[in-house]
Amino acid sequence: MKALSSLSMEVRQYLVVTGNYWAFTLTDGALRMLVVLHFHSLGYTPLQIAALFLFYEIFGVVTNLVGGYLGARLGLNRTMNVGLGLQVLALLMLTVPAAWLTVPWVMGAQAISGIAKDLNKMSAKSSIKLLVPDSQQGTLYKWVAILTGSKNALKGVGFFLGGVLLALLGFAGAVLAMAAVLTLIFVGSLVFLKRDLGKAKAKPKFRDMLSKSRAINVLSAARLFLFAARDVWFVIALPVYLSTVFGWDFWLVGGFLAAWVIGYGIVQSLAPNITGKKRGHVPDGRAAFVWALALAGLLP
């Protein structure tokens with residue numbers, strides 16, 4: 001505690017934001033794996049399982065669109081805490097008796113989880129930007145890379161955690177355990193996260209949701225298609241394929257996906273070094289284009 005008190009306010013807030021984000025990411029990754037494996041074991045087809053995640057993605061997109069607007073009006077601490085609270089609600093919705101777990105009910109829970117995920121992610125990344133001075137873009141790039149990379153590594157741990165919890169506690173027990181832990185994180189965030197972080201002094205207008213930069217809007221659209229494609233094959237198709245064709249159990253499916261995503265997160269954390277930050281170069285749009293072309297060439 002003494003060591004923590006000696007840190008600057010900015011660093012302490014960074015630790016709180018990162019802790020919130022990490023805890024949320026663990027439950028988010030675990031919940032995805034739990035839903036896919038549990039409903040596959042109940043006999044749901046891959047298309048039905050994909051439908052369970054439809055609202056998760058749609059409401060996540062909508063939240064991404066209005067999230068910055070809400071953060072500027074309400075404060076990033078509030079949007080982050082709302083995200084944590086909504087995730088607890090989504091988890092509790094899945095603890096109902098098995099007969100209630102119809103497709104519409106689970107889709108509703110996933111919709112709430114999608115809103116929660118993007119509120120939490122937006123709040124975390126925007127908070128980091130506010131805690132780093134504008135003159136230190138290299139430091140900002142490094143902190144965001146660490147935060148994002150660690151998030152993906154922890155999502156991989158969450159995949160494994162979901163498989164393990166499902167094997168040990170069953171679906172309802174696993175979801176209830178995660179809801180209990182995340183509730184404690186939510187209470188801690190209410191106490192320690194700085195009030196009005198990122199809240200604009202002048203209330204932003206609704207038309208300010210979209211960036212005035214065409215490049216940022218195009219990049220946002222590209223990310224939408226990128227993540228939609230990733231989730232379709234990686235979050236849904238691949239776990240079902242491994243379980244059906246290879247006959248892998250929950251432990252193996254969760255462990256394989258966990259290892260893959262953890263490796264992906266490590267690479268993402270190292271992105272500043274890979275893209276030249278050690279040489280004093282902060283990548284620009286041209287660098288992003290070159291890397292996109294190189295990575296697209298790896299596709300079959």
Side-chain angles (χ1 to χ4, degrees), residues 16-33 35 50 52-91 93-94 106-130 144 147-156 158-159 178-179 182 185-186 189 193 197-199 204 206 208-211 216-232 234-236 261 264-265 268:
V16 173
V17 168
T18 302
N20 285 349
Y21 196 39
W22 283 356
F24 187 98
T25 299
L26 278 172
T27 65
D28 186 57
L31 181 59
R32 290 192 185 200
M33 188 58 55
V35 169
L52 297 178
F53 288 91
L54 182 63
F55 278 8
Y56 177 92
E57 300 297 344
I58 291 175
F59 280 83
V61 170
V62 174
T63 305
N64 254 323
L65 183 63
V66 302
Y69 170 79
L70 293 175
R73 286 187 68 93
L74 304 176
L76 294 172
N77 63 311
R78 290 189 176 90
T79 52
M80 173 164 275
N81 290 334
V82 168
L84 289 169
L86 287 176
Q87 183 75 340
V88 172
L89 174 61
L91 290 168
M93 285 180 65
L94 297 175
V106 179
M107 288 178 72
Q110 289 294 94
I112 294 173
S113 182
I115 295 171
K117 182 259 296 183
D118 279 284
L119 278 177
N120 193 269
K121 179 174 68 175
M122 177 278 300
S123 302
K125 292 185 176 181
S126 299
S127 297
I128 300 306
K129 183 176 180 180
L130 291 173
V144 170
L147 181 71
T148 306
S150 63
K151 179 266 293 185
N152 284 304
L154 282 172
K155 182 175 286 186
F159 286 162
M178 291 195 300
L182 201 60
I185 301 295
F186 172 62
S189 181
L193 194 59
L197 181 64
K199 186 175 182 180
F206 195 70
D208 295 332
M209 287 190 304
L210 293 178
S211 172
I216 291 178
N217 291 329
V218 171
L219 180 62
S220 298
R223 281 172 55 86
L224 169 63
F225 288 103
L226 173 66
F227 289 122
R230 179 200 65 182
D231 286 349
V232 165
F234 189 80
V235 178
I236 300 171
V261 178
Y264 166 66
Q268 199 163 29

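Start at 1 with the first residue, then count along the sequence.
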Can you name the nearest heavy-atom pair linking A116 to G83, along with the distance?
CB-O, 3.1 Å
Name all residues meeting the side chain to side chain contact (heavy atoms under 4.5 Å, CB included) criterion together with D118; count only those two or more places apart in sequence or in a different chain, and write none if there are none.
T63, N64, K121
Applying side-chain contact (heavy atoms from CB on, under 4.5 Å) to Y56 and M107, what does each step give before you reach the verdict?
CA-CA 7 Å; Y56 177 92; M107 288 178 72; over 6 Å; no
Looking at every heavy atom in both L94 and L31, which two are closest together, and how far apart are they?
CD1-CD1, 3.5 Å
Do any N or O atoms from the side chain of T25 and from the backbone of Y21 form a donor-acceptor pair under 3.5 angstrom?
yes
Mind running side-chain contact (heavy atoms from CB on, under 4.5 Å) on S113 and D28 for me, showing each step along the way?
CA-CA 8 Å; S113 182; D28 186 57; 4.0 Å; yes
With respect to T27, which candidate in V88, I185, L84, L182 satisfies the side-chain contact (heavy atoms from CB on, under 4.5 Å) definition?
L182
As a quick check of understanding, evaluate side-chain contact (heavy atoms from CB on, under 4.5 Å) for M80 and F24, giving each step before the final call.
CA-CA 10 Å; M80 173 164 275; F24 187 98; over 6 Å; no
Identify, with sequence neighbours excluded, every residue that meets side chain to side chain contact (heavy atoms under 4.5 Å, CB included) alongside L26.
L154, V157
F186 and Q87, any side-chain heavy atoms less than 4.5 Å apart:
no
Could you grab the distance from atom CG of L86 to atom CD1 of I112, nearest 0.5 Å is fine?
7.0 Å
Calculate, to the nearest 0.5 Å, the distance between atoms CD1 and OG1 belonging to I115 and T79 respectively.
13.5 Å
Tell me the closest heavy-atom pair linking M178 and A30, and the distance in Å.
SD-CB, 3.4 Å
Verify side-chain contact (heavy atoms from CB on, under 4.5 Å) between M93 and Q110, making sure each step is shown before the conclusion.
CA-CA 10 Å; M93 285 180 65; Q110 289 294 94; over 6 Å; no
